[in-house]
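Here is how names work: the chains are called A, B, and so on, in the same order as the sequence lines, proteins then strands, and each is numbered from 1.
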Number of protein chains: 2
Amino acid sequence: MCSRTNPRSSRTGRPRSTEADAAILEATRAALVELGWSKLTMGDVAGRAGVAKTTLYRRWGNKSELVVDAVAVLFDELELPDLGSLRADVEHVVLQFAALLERPETKTALMAVVAESTRDEPLRRRIRASIVDRQKRLVLEGRMRAQRRGELPADRDLPAVGATDDLIFDVIAGAVVHRALVSAEPVDGPWVARLSALLVGGLGAAATAGTPNA
Amino acid sequence: MCSRTNPRSSRTGRPRSTEADAAILEATRAALVELGWSKLTMGDVAGRAGVAKTTLYRRWGNKSELVVDAVAVLFDELELPDLGSLRADVEHVVLQFAALLERPETKTALMAVVAESTRDEPLRRRIRASIVDRQKRLVLEGRMRAQRRGELPADRDLPAVGATDDLIFDVIAGAVVHRALVSAEPVDGPWVARLSALLVGGLGAAATAGTPNA
DNA sequence: TGCCTTTCGCTACGGGTCGTAGCGTAACTG
DNA sequence: CAGTTACGCTACGACCCGTAGCGAAAGGCA
């Protein structure tokens with residue numbers, strides 16, 4: 001949750017206030033909702049949290065790091081209940097993800113920190129660790145379920161399975177983000193149905209063809 | 001190219017310098033390469049272009065609008081030569097798009113302006129008009145070619161065709177962007193082959209199934 | 001209990017960017 | 001030539017950044 005890996009053996013001295021941590025992250029989300037990314041300032045967040053600006057800088061080096069931590073927790077709400085079929089599972093998680101992207105705090109923050117990360121390798125790693133990689137579990141779980149149901153063939157070679165998982169993840173997350181933020185059109189039932197049909201159909205075609213390329 | 005729709009009947013007075021326009025946009029791209037989005041300032045661009053800062057503000061209201069115009073022209077390089085099959089066409093355009101996203105000026109600018117556009121409706125429209133919508137031609141052309149070749153069935157109902165075009169566009173653009181900027185892994189031959197196989201397979205499955213849902 | 005360490009809120013600061021205003025000059029029109 | 005608009009230049013108030021220094025607060029430890 002906090003930025004620095006616990007300060008080297010900070011067993012002595014006054015401990016960091018966990019209330020301040022929570023207040024700052026909450027204030028950051030509120031500021032994102034009201035002001036958006038570009039107009040959010042460290043001083044404003046400090047004021048909302050009832051905290052000195054220096055307290056923010058003791059924990060996070062800059063705005064990007066703070067916002068990543070403030071938003072990351074929202075992504076842990078995503079779940080993948082077993083709905084009985086691969087296609088139903090895909091549709092459900094896509095709709096969940098879309099609802100998350102509709103929230104103003106994530107909508108305005110996500111693209112901004114990714115943009116920033118193209119010039120900031122530590123930030124990119126933080127985003128992956130705090131947000132991206134943790135959601136790949138959904139793809140893994142969905143694929144394994146489909147294999148158990150017999151909707152997808154059992155694993156052929158491991159590298160290909162991992163590569164396909166990564167591909168599906170990029171396709172789903174990328175398509176939803178692009179639809180919601182770039183095309184700025186609704187990620188609604190009909191669209192999700194089309195996307196799911198395309199994916200499930202594509203996976204099925206690759207499976208029946210048995211081509212090593214897919 | 002320029003920001004304002006030609007100033008209402010500006011037939012009189014000194015005309016805008018087209019050399020300045022070109023110099024500013026070129027300077028903006030150079031600044032993006034060297035500094036990235038967040039450290040790019042209007043004053044810096046003006047200095048590089050050999051132009052007064054006020055001249056920039058006469059043309060563009062803020063950094064985002066300027067950068068959109070500076071980057072938009074790069075996207076017109078995308079082409080779709082007929083390579084004989086739907087899959088080959090898809091692979092080719094994906095690789096082209098990936099190469100474009102590898103350039104530092106587009107990589108750092110694209111996500112940033114999209115992020116900004118979530119709180120700036122005019123900017124969003126500008127992005128769509130200058131960049132996004134103009135590339136949908138590639139999807140249209142590719143689909144029609146595939147239909148002529150018999151790889152895809154002829155149009156059923158028009159709305160469904162348009163919706164599928166939009167879906168394919170979001171999937172391809174979104175997946176490539178996500179792979180390149182979020183996952184930060186290479187959009188190379190093997191990955192593109194997998195993506196193309198997934199798409200072509202999915203489109204084929206939907207076609208043979210003849211379901212109205214896809 | 002008293003000492004040490006670290007964090008706390010607060011204030012203040014230099015440095016930088018923003019976006020605008022005002023000026024005199026340059027360029028083009030009729 | 002008069003009228004109009006764009007130009008370069010300078011200067012400005014406003015804002016935000018990130019840091020430093022201060023005394024006070026809150027823990028650990030002997």
Side-chain angles (χ1 to χ4, degrees), chain A residues 1-25 27-28 31-32 34-67 112-113 116 119-120 122-123, chain B residues 1-25 27-28 31-32 34-67 112-113 116 119-120 122-123:
Chain A
M1 180 75 73
C2 193
S3 79
R4 313 258 164 272
T5 53
N6 287 347
R8 292 286 171 227
S9 66
S10 81
R11 306 203 168 172
T12 179
R14 179 175 175 174
R16 290 271 173 89
S17 164
T18 56
E19 292 92 349
D21 282 335
I24 291 169
L25 294 176
T28 303
L32 281 173
E34 281 185 33
L35 308 173
W37 161 267
S38 60
K39 296 187 178 177
L40 179 149
T41 70
M42 300 294 265
D44 183 280
V45 170
R48 288 170 190 263
V51 153
K53 201 169 57 166
T54 44
T55 301
L56 265 74
Y57 282 105
R58 281 193 199 94
R59 292 162 163 74
W60 295 276
N62 53 54
K63 189 164 94 169
S64 303
E65 296 184 356
L66 168 61
V67 169
V113 295
E116 209 65 22
R119 286 244 156 193
D120 184 341
L123 177 62
Chain B
M1 180 73 75
C2 195
S3 79
R4 314 258 164 271
T5 54
N6 287 347
R8 291 288 169 228
S9 66
S10 82
R11 308 203 166 173
T12 177
R14 177 175 176 173
R16 291 271 173 88
S17 163
T18 56
E19 292 91 350
D21 281 336
I24 291 169
L25 294 176
T28 303
L32 281 173
E34 281 185 32
L35 308 173
W37 161 267
S38 60
K39 295 187 179 177
L40 179 149
T41 70
M42 299 295 265
D44 183 280
V45 171
R48 288 170 191 261
V51 153
K53 200 170 56 167
T54 44
T55 300
L56 265 74
Y57 282 105
R58 282 195 198 93
R59 291 164 163 74
W60 294 276
N62 54 52
K63 189 164 95 169
S64 303
E65 298 185 354
L66 168 62
V67 168
V113 295
E116 209 65 23
R119 287 245 154 191
D120 184 342
L123 177 63

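- Per the geometry, CZ belonging to A:Arg16 stands 5 Å off P belonging to C:dT7, to the nearest Å.
- Nearest heavy-atom pair across B:Leu56 and B:Val45 is CD2-CG1, 3.9 Å.
- Between the CG atom of B:Leu35 and the C1' atom of C:dT17 there is a distance of 14 Å, rounded to whole Å.
- When each of C:dT29, D:dC7, C:dG19 is scored by its nearest atom to the side-chain atoms of B:Ala20, the top-ranked nucleotide is D:dC7.
- Between the CD atom of A:Glu19 and the P atom of C:dT7 there is a distance of 16 Å, given to the nearest Å.
- Considering only the side chain of B:Val51, D:dG8 comes nearest among D:dG8, D:dC7, D:dT19.
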**Study point:** Chi angles and distances behind the side-chain contact (heavy atoms from CB on, under 4.5 Å) call for A:Trp37, B:Arg119
**Key:** CA-CA 9 Å; A:Trp37 161 267; B:Arg119 287 245 154 191; over 6 Å; no
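- With hydrogens and angles disregarded, a donor-acceptor distance shorter than 3.5 Å links the side chain of B:Asn62 to the backbone of B:Glu65.
- If you measure from atom OH of A:Tyr57 to atom P of D:dG21, you get 18 Å, rounded to the nearest angstrom.
- A sub-4.0 Å separation between OP1 or OP2 of D:dA20 and a side-chain N or O of A:Thr54 is absent.
- Following rounding to the nearest Å, A:Asn62 (CG) and D:dT19 (P) show an atom-to-atom distance of 10 Å.
- Remark: C1' of C:dT17 and CH2 of B:Trp37 are 14 Å apart, rounded to the nearest angstrom.
- In this structure, A:Ser17 does not reach the C:dC8 phosphate: none of its side-chain N or O atoms is under 4.0 Å from OP1 or OP2.
- Each of B:Pro15 and B:Lys63 was matched to the nucleotide of DNA chain C holding its nearest heavy atom; the match closer to the 5' end belongs to B:Lys63.
- The minimum heavy-atom distance linking B:Arg48 with B:Ala31 is given by the pair NE-CB, 3.7 Å.
- When distances are taken from the side chain of A:Thr55 to each of C:dC18, C:dG9, D:dT19, the shortest belongs to C:dG9.
- Distances were taken from every side-chain heavy atom of B:Ala52 (C-beta onward) to each of C:dC18, D:dG8, C:dG9; the shortest belongs to D:dG8.
- Pairing each heavy atom of B:Glu116 with each of B:Ser64, the nearest pair is CG-OG, 3.3 Å.
- The interatomic distance linking B:Trp60 (CH2) with D:dA6 (P) rounds to 14 Å, in whole Å.
- Residue B:Arg14 places none of its side-chain N or O atoms closer than 4.0 Å to OP1 or OP2 of D:dC7.
- One cannot find a donor-acceptor pair under 3.5 Å joining the base of D:dG8 and the side-chain atoms of B:Lys53.
- B:Arg58 places its CZ atom 14 Å from the P atom of C:dG22, with the value rounded to the nearest Å.
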